[in-house]
Q: 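My questions will all concern the structure given below.
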Amino acid sequence: MKFTFKAFLISTFLLCAVFTAKAQTTCDCSEVFRWVKETFEKNDAGFDYAIQQKGMDMYEKHNVVFSAKVKTITESHECADVLNEWLKFFRKGHFGVMALATAPGKSADVKEWPVLAVKEKELRSKPTKDVKDFAGIWKVGAYKIGIVKKDKGYKGVVLESANAAWKPQQLKLEINEDGSGVYYMGDFSPLKFKKIDWIGKNAIKLAPAIQLQREYPTFPENADIQLYAKAMSTGKPFMEKISGETLLLRIPSFNGMQKKAIDSVLMANEKEIKSTKNLIIDIRNGTGGDDDSYANIIPYLYTNPIRIVGMELLSTPLNNKRMEGYLSMPDLSEKSRMQVNAALTLLNDNLGKFVNLNGGDKVHIQKMDSVLPFPQQVAIIANEANGSTDEQFLMAAKQSKKVKLFGTTTFGVLDVSNMNFVKSPDEKFQLGYCLSKSYRIPGMQIDGIGLQPDYFIDSTIPNELWVKYAASVLEDKEFQP
(Lines give C-alpha, C1' and ligand atoms only; values in the text may rest on other atoms or scores of the structure.)
Protein backbone atom coordinates (compact mmCIF):
# COMPACT_ATOMS: atom_id res chain seq x y z
CA MET A 1 0.00 0.00 0.00
CA LYS A 2 1.32 3.43 -0.89
CA PHE A 3 1.48 5.96 1.86
CA THR A 4 1.53 9.66 1.01
CA PHE A 5 3.96 10.70 3.70
CA LYS A 6 3.80 14.44 3.04
CA ALA A 7 0.15 14.45 4.08
CA PHE A 8 1.32 13.92 7.62
CA LEU A 9 4.84 15.33 7.72
CA ILE A 10 5.44 19.02 7.22
CA SER A 11 8.85 20.24 6.10
CA THR A 12 9.85 22.97 8.53
CA PHE A 13 12.59 25.43 7.68
CA LEU A 14 14.91 26.55 10.48
CA LEU A 15 17.91 28.57 9.34
CA CYS A 16 19.53 29.00 12.70
CA ALA A 17 19.03 28.90 16.43
CA VAL A 18 15.76 30.14 17.86
CA PHE A 19 16.47 33.19 19.98
CA THR A 20 16.30 32.58 23.68
CA ALA A 21 14.20 34.54 26.12
CA LYS A 22 15.57 37.23 28.39
CA ALA A 23 14.61 35.26 31.47
CA GLN A 24 17.92 33.39 31.68
CA THR A 25 18.40 30.12 33.53
CA THR A 26 21.53 28.29 34.58
CA CYS A 27 22.46 24.90 33.22
CA ASP A 28 25.13 22.23 33.07
CA CYS A 29 26.09 22.85 29.44
CA SER A 30 28.37 19.81 29.30
CA GLU A 31 25.44 17.60 30.21
CA VAL A 32 23.18 19.35 27.69
CA PHE A 33 25.86 18.87 25.03
CA ARG A 34 26.02 15.17 25.85
CA TRP A 35 22.24 14.87 25.42
CA VAL A 36 22.15 16.88 22.17
CA LYS A 37 25.08 14.94 20.70
CA GLU A 38 23.66 11.54 21.60
CA THR A 39 20.14 12.38 20.42
CA PHE A 40 21.36 13.86 17.15
CA GLU A 41 23.73 10.98 16.38
CA LYS A 42 21.03 8.36 16.93
CA ASN A 43 18.08 10.08 15.28
CA ASP A 44 19.05 12.70 12.70
CA ALA A 45 18.56 11.48 9.13
CA GLY A 46 21.56 13.45 7.89
CA PHE A 47 24.11 12.49 10.54
CA ASP A 48 25.65 9.47 8.80
CA TYR A 49 25.69 11.24 5.44
CA ALA A 50 27.61 14.18 6.93
CA ILE A 51 30.14 11.80 8.49
CA GLN A 52 30.58 10.03 5.16
CA GLN A 53 31.29 13.37 3.48
CA LYS A 54 33.62 14.87 6.13
CA GLY A 55 35.07 11.87 7.89
CA MET A 56 35.02 10.63 11.49
CA ASP A 57 38.43 12.14 12.26
CA MET A 58 37.20 15.64 11.48
CA TYR A 59 34.05 15.03 13.53
CA GLU A 60 36.03 13.87 16.55
CA LYS A 61 38.27 16.94 16.36
CA HIS A 62 35.14 19.10 16.15
CA ASN A 63 33.80 17.45 19.30
CA VAL A 64 37.04 18.02 21.22
CA VAL A 65 36.84 21.76 20.53
CA PHE A 66 33.20 22.05 21.64
CA SER A 67 33.61 19.77 24.64
CA ALA A 68 36.09 22.32 25.95
CA LYS A 69 33.81 25.26 25.11
CA VAL A 70 30.74 23.96 26.95
CA LYS A 71 32.68 23.36 30.20
CA THR A 72 32.89 27.11 30.88
CA ILE A 73 29.23 27.91 30.12
CA THR A 74 26.60 28.11 32.83
CA GLU A 75 23.82 30.23 31.26
CA SER A 76 21.25 28.48 29.11
CA HIS A 77 21.08 31.00 26.27
CA GLU A 78 24.87 30.92 25.82
CA CYS A 79 24.77 27.14 25.90
CA ALA A 80 22.13 27.08 23.13
CA ASP A 81 24.22 29.44 20.99
CA VAL A 82 27.30 27.21 21.27
CA LEU A 83 25.33 24.04 20.54
CA ASN A 84 23.89 25.62 17.42
CA GLU A 85 27.45 26.35 16.32
CA TRP A 86 28.28 22.69 16.93
CA LEU A 87 25.37 21.61 14.72
CA LYS A 88 26.69 23.61 11.76
CA PHE A 89 29.23 20.84 11.22
CA PHE A 90 26.46 18.78 9.64
CA ARG A 91 24.71 21.28 7.37
CA LYS A 92 23.63 24.92 7.05
CA GLY A 93 20.15 24.61 8.53
CA HIS A 94 17.22 22.38 9.40
CA PHE A 95 18.41 22.10 12.98
CA GLY A 96 18.20 24.13 16.17
CA VAL A 97 18.72 24.16 19.93
CA MET A 98 16.48 26.48 21.91
CA ALA A 99 16.70 27.34 25.60
CA LEU A 100 13.21 27.09 27.07
CA ALA A 101 12.71 30.04 29.39
CA THR A 102 9.93 30.85 31.84
CA ALA A 103 6.67 31.72 30.10
CA PRO A 104 6.28 35.44 29.32
CA GLY A 105 4.28 37.36 31.89
CA LYS A 106 5.19 34.97 34.72
CA SER A 107 8.92 35.49 35.09
CA ALA A 108 10.27 38.23 37.33
CA ASP A 109 12.23 39.70 34.41
CA VAL A 110 9.07 40.21 32.36
CA LYS A 111 7.09 41.65 35.25
CA GLU A 112 9.84 44.19 35.79
CA TRP A 113 10.32 44.88 32.08
CA PRO A 114 11.74 48.36 31.33
CA VAL A 115 9.23 51.05 30.47
CA LEU A 116 9.60 54.52 29.01
CA ALA A 117 7.01 57.28 29.19
CA VAL A 118 6.40 57.82 25.48
CA LYS A 119 2.99 58.80 24.14
CA GLU A 120 1.74 58.90 20.57
CA LYS A 121 0.36 62.43 20.93
CA GLU A 122 3.80 63.78 21.80
CA LEU A 123 5.43 62.01 18.86
CA ARG A 124 2.88 63.48 16.46
CA SER A 125 3.37 66.99 17.83
CA LYS A 126 7.07 67.14 16.92
CA PRO A 127 7.60 65.21 13.65
CA THR A 128 11.16 64.82 12.44
CA LYS A 129 12.12 66.34 9.09
CA ASP A 130 15.19 64.13 8.71
CA VAL A 131 14.51 61.06 6.52
CA LYS A 132 17.21 59.04 8.31
CA ASP A 133 15.93 59.91 11.79
CA PHE A 134 14.30 56.89 13.42
CA ALA A 135 12.16 59.06 15.72
CA GLY A 136 8.47 58.64 15.04
CA ILE A 137 5.70 56.04 14.90
CA TRP A 138 6.28 52.66 13.28
CA LYS A 139 4.30 49.48 12.63
CA VAL A 140 5.61 45.91 12.74
CA GLY A 141 3.41 42.82 12.94
CA ALA A 142 1.06 43.12 15.93
CA TYR A 143 2.72 46.26 17.27
CA LYS A 144 2.65 50.02 16.90
CA ILE A 145 5.96 51.34 18.22
CA GLY A 146 7.02 54.82 19.22
CA ILE A 147 10.74 55.55 18.76
CA VAL A 148 12.55 58.40 20.51
CA LYS A 149 16.17 59.53 20.77
CA LYS A 150 17.74 58.31 23.99
CA ASP A 151 21.24 57.75 25.40
CA LYS A 152 23.11 58.51 22.14
CA GLY A 153 20.83 56.09 20.33
CA TYR A 154 17.14 55.35 20.13
CA LYS A 155 14.55 53.53 22.21
CA GLY A 156 11.32 52.10 20.87
CA VAL A 157 8.33 51.40 23.10
CA VAL A 158 4.97 49.79 22.56
CA LEU A 159 2.16 52.23 21.79
CA GLU A 160 -0.40 49.57 20.85
CA SER A 161 -0.21 45.78 20.78
CA ALA A 162 -2.42 42.94 19.58
CA ASN A 163 -0.24 40.66 21.70
CA ALA A 164 -1.72 40.69 25.21
CA ALA A 165 1.69 39.92 26.74
CA TRP A 166 2.95 43.36 25.73
CA LYS A 167 1.72 46.53 27.43
CA PRO A 168 1.97 50.20 26.38
CA GLN A 169 5.27 51.92 27.16
CA GLN A 170 7.21 48.66 27.52
CA LEU A 171 10.62 48.69 25.81
CA LYS A 172 10.42 46.90 22.44
CA LEU A 173 13.48 48.10 20.55
CA GLU A 174 16.93 49.52 21.25
CA ILE A 175 19.15 51.09 18.59
CA ASN A 176 22.75 51.93 19.40
CA GLU A 177 24.79 54.82 18.03
CA ASP A 178 26.51 52.53 15.49
CA GLY A 179 23.20 51.15 14.15
CA SER A 180 23.35 47.85 15.98
CA GLY A 181 20.72 46.97 18.55
CA VAL A 182 18.14 44.55 19.81
CA TYR A 183 14.47 43.92 19.03
CA TYR A 184 12.41 42.03 21.61
CA MET A 185 10.22 39.36 20.06
CA GLY A 186 6.67 38.45 21.05
CA ASP A 187 7.94 36.12 23.78
CA PHE A 188 10.34 38.83 25.05
CA SER A 189 13.36 37.03 23.58
CA PRO A 190 16.10 39.35 22.26
CA LEU A 191 16.77 39.42 18.53
CA LYS A 192 20.12 41.16 18.13
CA PHE A 193 21.01 42.89 14.87
CA LYS A 194 24.31 44.38 13.68
CA LYS A 195 22.92 47.06 11.41
CA ILE A 196 19.72 48.54 10.05
CA ASP A 197 18.93 48.46 6.35
CA TRP A 198 16.79 51.26 4.98
CA ILE A 199 14.18 50.34 2.39
CA GLY A 200 13.56 53.68 0.79
CA LYS A 201 12.50 56.39 3.18
CA ASN A 202 9.73 54.78 5.17
CA ALA A 203 10.83 51.24 6.04
CA ILE A 204 13.74 49.68 7.92
CA LYS A 205 14.81 46.05 8.10
CA LEU A 206 16.42 44.76 11.29
CA ALA A 207 16.51 41.08 10.26
CA PRO A 208 15.03 39.03 7.38
CA ALA A 209 11.77 38.57 9.27
CA ILE A 210 11.62 41.94 11.07
CA GLN A 211 10.75 45.01 9.02
CA LEU A 212 9.30 48.22 10.45
CA GLN A 213 7.08 50.45 8.35
CA ARG A 214 6.98 54.15 9.22
CA GLU A 215 3.49 55.39 10.03
CA TYR A 216 4.36 58.96 11.05
CA PRO A 217 5.87 61.07 9.70
CA THR A 218 6.03 59.60 6.20
CA PHE A 219 8.10 60.89 3.28
CA PRO A 220 7.41 60.85 -0.47
CA GLU A 221 8.46 57.55 -2.04
CA ASN A 222 8.73 56.22 -5.59
CA ALA A 223 6.43 53.42 -6.74
CA ASP A 224 9.13 50.72 -6.94
CA ILE A 225 10.19 51.20 -3.34
CA GLN A 226 6.58 51.39 -2.15
CA LEU A 227 5.85 48.03 -3.79
CA TYR A 228 9.03 46.45 -2.40
CA ALA A 229 8.37 47.73 1.11
CA LYS A 230 4.84 46.35 0.94
CA ALA A 231 6.07 43.00 -0.34
CA MET A 232 8.73 42.59 2.32
CA SER A 233 6.67 43.82 5.27
CA THR A 234 3.42 41.95 4.65
CA GLY A 235 2.77 38.66 6.34
CA LYS A 236 0.08 37.73 3.83
CA PRO A 237 0.13 36.95 0.10
CA PHE A 238 -1.22 39.49 -2.38
CA MET A 239 -1.52 40.06 -6.11
CA GLU A 240 -0.94 43.32 -7.93
CA LYS A 241 -1.06 44.33 -11.58
CA ILE A 242 2.22 46.02 -12.50
CA SER A 243 1.53 46.51 -16.23
CA GLY A 244 -0.98 45.59 -18.90
CA GLU A 245 1.00 42.41 -19.58
CA THR A 246 2.23 41.38 -16.14
CA LEU A 247 0.84 40.41 -12.73
CA LEU A 248 2.82 40.13 -9.49
CA LEU A 249 1.99 37.45 -6.91
CA ARG A 250 3.82 38.00 -3.63
CA ILE A 251 4.06 34.99 -1.29
CA PRO A 252 5.95 35.71 1.96
CA SER A 253 5.61 32.17 3.31
CA PHE A 254 4.55 28.63 2.43
CA ASN A 255 3.78 27.93 6.07
CA GLY A 256 0.85 25.53 6.30
CA MET A 257 -1.23 28.22 8.00
CA GLN A 258 -0.81 30.38 4.87
CA LYS A 259 -2.36 27.86 2.47
CA LYS A 260 -5.87 29.22 2.89
CA ALA A 261 -4.68 32.79 2.26
CA ILE A 262 -2.67 31.75 -0.82
CA ASP A 263 -5.59 29.84 -2.27
CA SER A 264 -7.90 32.76 -1.55
CA VAL A 265 -5.69 35.17 -3.53
CA LEU A 266 -5.51 32.71 -6.42
CA MET A 267 -9.28 32.26 -6.44
CA ALA A 268 -10.00 35.98 -6.27
CA ASN A 269 -7.68 36.66 -9.22
CA GLU A 270 -8.26 33.50 -11.25
CA LYS A 271 -9.88 35.25 -14.21
CA GLU A 272 -7.12 37.85 -14.48
CA ILE A 273 -4.30 35.29 -14.11
CA LYS A 274 -5.81 33.19 -16.90
CA SER A 275 -6.02 36.18 -19.23
CA THR A 276 -2.68 37.89 -18.55
CA LYS A 277 0.47 37.08 -20.52
CA ASN A 278 3.02 37.19 -17.71
CA LEU A 279 3.10 36.24 -14.04
CA ILE A 280 5.84 37.11 -11.57
CA ILE A 281 5.92 35.17 -8.29
CA ASP A 282 8.08 36.78 -5.60
CA ILE A 283 9.00 34.40 -2.75
CA ARG A 284 12.06 36.23 -1.42
CA ASN A 285 12.92 35.76 2.27
CA GLY A 286 10.56 32.82 2.55
CA THR A 287 10.14 30.65 5.63
CA GLY A 288 9.71 27.20 4.13
CA GLY A 289 6.63 25.34 5.30
CA ASP A 290 4.29 22.82 3.72
CA ASP A 291 4.36 21.54 0.12
CA ASP A 292 0.57 21.61 0.06
CA SER A 293 0.64 25.41 0.40
CA TYR A 294 1.79 25.83 -3.20
CA ALA A 295 -0.27 22.99 -4.70
CA ASN A 296 -2.83 25.31 -6.34
CA ILE A 297 -0.12 27.44 -7.96
CA ILE A 298 1.23 24.52 -9.99
CA PRO A 299 -1.68 24.41 -12.53
CA TYR A 300 -0.79 27.96 -13.65
CA LEU A 301 2.82 26.89 -14.28
CA TYR A 302 2.29 23.40 -15.64
CA THR A 303 3.42 22.43 -19.16
CA ASN A 304 4.62 18.83 -18.83
CA PRO A 305 4.80 16.04 -16.22
CA ILE A 306 6.74 17.04 -13.10
CA ARG A 307 9.14 14.53 -11.57
CA ILE A 308 9.20 14.75 -7.77
CA VAL A 309 12.01 12.76 -6.16
CA GLY A 310 10.94 11.18 -2.90
CA MET A 311 12.60 10.56 0.45
CA GLU A 312 13.29 7.88 3.01
CA LEU A 313 12.65 8.12 6.73
CA LEU A 314 15.05 7.10 9.46
CA SER A 315 13.26 4.73 11.81
CA THR A 316 14.13 5.02 15.50
CA PRO A 317 11.94 4.74 18.60
CA LEU A 318 12.16 8.51 19.16
CA ASN A 319 11.44 9.38 15.52
CA ASN A 320 8.48 7.02 15.34
CA LYS A 321 6.83 8.75 18.29
CA ARG A 322 6.07 11.67 15.97
CA MET A 323 4.07 9.35 13.73
CA GLU A 324 2.27 8.02 16.79
CA GLY A 325 1.25 11.57 17.60
CA TYR A 326 -0.86 11.79 14.45
CA LEU A 327 -3.19 9.11 15.83
CA SER A 328 -4.35 11.56 18.50
CA MET A 329 -5.48 14.15 15.94
CA PRO A 330 -9.24 14.65 16.56
CA ASP A 331 -10.14 15.13 12.88
CA LEU A 332 -8.11 12.20 11.54
CA SER A 333 -10.24 10.13 9.14
CA GLU A 334 -10.49 6.37 9.47
CA LYS A 335 -8.65 5.94 6.15
CA SER A 336 -5.80 8.15 7.35
CA ARG A 337 -5.73 6.32 10.68
CA MET A 338 -5.24 3.04 8.82
CA GLN A 339 -2.43 4.58 6.77
CA VAL A 340 -0.66 5.89 9.86
CA ASN A 341 -0.93 2.52 11.61
CA ALA A 342 0.43 0.76 8.52
CA ALA A 343 3.32 3.21 8.36
CA LEU A 344 4.06 2.73 12.06
CA THR A 345 4.15 -1.04 11.65
CA LEU A 346 6.60 -0.72 8.76
CA LEU A 347 8.77 1.73 10.70
CA ASN A 348 8.84 -0.28 13.90
CA ASP A 349 9.71 -3.43 11.96
CA ASN A 350 12.79 -1.68 10.56
CA LEU A 351 14.36 0.14 13.51
CA GLY A 352 17.74 1.65 12.73
CA LYS A 353 17.06 1.64 8.98
CA PHE A 354 15.84 4.10 6.38
CA VAL A 355 12.29 3.30 5.31
CA ASN A 356 10.36 4.22 2.17
CA LEU A 357 6.71 4.85 3.08
CA ASN A 358 5.50 5.17 -0.51
CA GLY A 359 5.43 1.54 -1.54
CA GLY A 360 9.07 1.59 -2.55
CA ASP A 361 8.61 4.28 -5.21
CA LYS A 362 11.48 6.77 -5.30
CA VAL A 363 9.91 9.17 -7.79
CA HIS A 364 6.38 10.53 -8.09
CA ILE A 365 5.31 11.92 -11.47
CA GLN A 366 2.71 14.67 -11.28
CA LYS A 367 0.50 14.88 -14.35
CA MET A 368 -2.31 17.31 -15.15
CA ASP A 369 -5.06 17.11 -17.72
CA SER A 370 -4.37 20.39 -19.49
CA VAL A 371 -1.93 23.26 -20.01
CA LEU A 372 -3.39 26.72 -19.51
CA PRO A 373 -2.79 29.15 -22.39
CA PHE A 374 -2.16 31.96 -19.87
CA PRO A 375 0.07 32.89 -18.26
CA GLN A 376 2.47 32.28 -21.13
CA GLN A 377 5.59 33.17 -19.11
CA VAL A 378 6.30 32.92 -15.39
CA ALA A 379 9.20 34.47 -13.51
CA ILE A 380 9.87 33.30 -9.95
CA ILE A 381 12.05 35.57 -7.84
CA ALA A 382 14.06 34.00 -5.00
CA ASN A 383 17.15 34.82 -2.97
CA GLU A 384 19.69 33.35 -0.55
CA ALA A 385 17.09 33.26 2.25
CA ASN A 386 14.85 30.75 0.46
CA GLY A 387 15.23 27.14 1.55
CA SER A 388 13.37 23.93 2.36
CA THR A 389 9.81 24.00 0.98
CA ASP A 390 10.69 27.14 -1.01
CA GLU A 391 13.34 25.09 -2.80
CA GLN A 392 10.94 22.17 -3.26
CA PHE A 393 8.55 24.58 -5.00
CA LEU A 394 11.34 25.87 -7.22
CA MET A 395 12.43 22.30 -8.06
CA ALA A 396 8.93 21.53 -9.31
CA ALA A 397 8.31 24.87 -11.01
CA LYS A 398 11.58 24.99 -12.96
CA GLN A 399 10.56 21.82 -14.85
CA SER A 400 7.90 23.87 -16.64
CA LYS A 401 8.69 25.34 -20.04
CA LYS A 402 6.94 28.52 -18.93
CA VAL A 403 9.14 29.17 -15.90
CA LYS A 404 12.43 31.00 -15.40
CA LEU A 405 14.05 31.60 -12.01
CA PHE A 406 15.35 35.08 -11.17
CA GLY A 407 17.52 36.25 -8.28
CA THR A 408 20.42 34.61 -6.46
CA THR A 409 21.40 31.11 -5.38
CA THR A 410 19.01 29.78 -2.72
CA PHE A 411 20.00 28.82 0.83
CA GLY A 412 20.44 25.08 0.23
CA VAL A 413 18.55 23.12 2.93
CA LEU A 414 16.29 20.58 1.28
CA ASP A 415 17.94 17.15 1.08
CA VAL A 416 17.76 16.41 4.81
CA SER A 417 14.42 17.73 6.05
CA ASN A 418 11.15 17.21 7.92
CA MET A 419 12.02 18.43 11.36
CA ASN A 420 11.17 16.88 14.69
CA PHE A 421 11.41 18.71 18.03
CA VAL A 422 12.17 17.05 21.36
CA LYS A 423 12.77 18.37 24.87
CA SER A 424 15.80 17.61 27.01
CA PRO A 425 15.27 15.39 30.08
CA ASP A 426 15.22 18.46 32.36
CA GLU A 427 12.88 20.26 29.88
CA LYS A 428 15.16 23.31 29.80
CA PHE A 429 16.09 22.86 26.13
CA GLN A 430 14.51 21.83 22.85
CA LEU A 431 16.38 20.17 20.00
CA GLY A 432 15.20 20.27 16.40
CA TYR A 433 16.62 17.73 13.95
CA CYS A 434 15.54 15.98 10.73
CA LEU A 435 13.68 12.75 10.05
CA SER A 436 14.10 12.28 6.29
CA LYS A 437 16.72 12.15 3.53
CA SER A 438 16.05 12.73 -0.16
CA TYR A 439 16.79 10.17 -2.86
CA ARG A 440 18.32 13.02 -4.90
CA ILE A 441 21.61 12.80 -3.02
CA PRO A 442 24.36 12.46 -3.98
CA GLY A 443 23.32 12.81 -7.64
CA MET A 444 21.70 16.23 -7.24
CA GLN A 445 22.60 17.64 -3.87
CA ILE A 446 20.87 20.85 -2.79
CA ASP A 447 22.09 21.09 0.83
CA GLY A 448 25.01 23.48 1.11
CA ILE A 449 24.74 24.34 -2.58
CA GLY A 450 21.29 25.77 -3.30
CA LEU A 451 19.46 26.25 -6.59
CA GLN A 452 20.91 28.50 -9.28
CA PRO A 453 18.71 31.11 -11.01
CA ASP A 454 18.28 31.26 -14.77
CA TYR A 455 18.71 35.02 -14.52
CA PHE A 456 21.22 36.04 -11.88
CA ILE A 457 20.35 39.44 -10.37
CA ASP A 458 23.65 40.96 -9.34
CA SER A 459 24.32 43.53 -6.61
CA THR A 460 24.17 46.48 -9.02
CA ILE A 461 20.39 46.02 -9.20
CA PRO A 462 18.88 47.12 -5.86
CA ASN A 463 16.34 44.87 -4.15
CA GLU A 464 13.43 47.19 -4.90
CA LEU A 465 14.07 46.82 -8.66
CA TRP A 466 14.15 43.02 -8.89
CA VAL A 467 10.49 42.87 -9.90
CA LYS A 468 11.00 45.60 -12.47
CA TYR A 469 13.98 43.74 -13.93
CA ALA A 470 12.04 40.46 -14.18
CA ALA A 471 9.15 42.29 -15.85
CA SER A 472 11.50 43.85 -18.40
CA VAL A 473 12.78 40.40 -19.37
CA LEU A 474 9.29 38.92 -19.68
CA GLU A 475 8.01 41.91 -21.66
CA ASP A 476 11.17 42.06 -23.82
CA LYS A 477 11.86 45.67 -22.85
CA GLU A 478 15.06 47.45 -22.00
CA PHE A 479 15.68 47.52 -18.25
CA GLN A 480 15.90 51.08 -16.99
CA PRO A 481 16.67 51.43 -13.24
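All heavy atoms count here, side chains included; hydrogens, waters and symmetry mates do not.
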Q: First locate atom CD of Gln445, then atom CG of Leu414, and finally report the distance between them rounded to the nearest 0.5 Å.
A: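 Rounded to the nearest 0.5 Å, the CD-CG separation comes to 11.0 Å.
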Q: Under 4.5 Å between any side-chain heavy atoms of Glu240 and Leu227, yes or no?
A: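 A side-chain contact under 4.5 Å exists here.
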Q: Passes salt bridge (Lys or Arg N to Asp or Glu O under 4.0 Å), Arg214 versus Glu221? Steps please.
A: CA-CA 12 Å; Arg214 192 177 344 228; Glu221 199 78 270; over 6 Å; no
Q: Applying side-chain hydrogen bond (donor to acceptor under 3.5 Å, both in side chains), run through Ser189 and Asp187 and close with a yes or a no.
A: CA-CA 5 Å; Ser189 59; Asp187 62 355; 2.5 Å; yes
Q: If you measure from the Lys or Arg side-chain nitrogens to the Asp or Glu carboxylate oxygens, is any gap between Arg124 and Glu215 under 4.0 Å?
A: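 Yes.
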Q: Considering all heavy atoms of both residues, which atom of Ser472 and which atom of Phe479 are nearest to each other, and what is their separation?
A: OG-CB, 3.6 Å
Q: So, for Trp138 and Asn202, which heavy atoms are closest and what is the spacing to 0.1 Å?
A: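 Distance-wise, the nearest heavy atoms are CZ3-O, 3.9 Å.
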Q: Verify, without hydrogens or angle tests, whether Arg284 (side chain) and Asn463 (backbone) share a donor-acceptor contact under 3.5 angstrom.
A: yes
Q: In terms of ring plane angle, is the pair Tyr59 and Phe47 parallel, tilted or perpendicular, where the classes change at 30° and 60°?
A: perpendicular
Q: Side chains of Gln366 and Ile308, heavy atoms from C-beta outward: is any pair under 4.5 Å?
A: yes
Q: To the closest 0.5 Å, what do you measure between CD (Gln211) and CG (Asp197)?
A: 10.0 Å
Q: Would you call the rings of Phe90 and Phe40 parallel, tilted or perpendicular, taking 30° and 60° as the class edges?
A: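 Rings of Phe90 and Phe40: tilted, 30 to 60°.
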Q: Would you say the ring centroid of Tyr228 lies under 6.0 angstrom from that of Trp466?
A: no
Q: Looking at Lys362 and Glu312, does any basic side-chain N land under 4.0 Å from a carboxylate oxygen?
A: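 Result for this pair is no, no salt bridge flagged.
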Q: Centroid-to-centroid, Phe254 to Tyr294, below 6.0 Å?
A: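 Phe254 vs Tyr294: aromatic centres under 6.0 Å.
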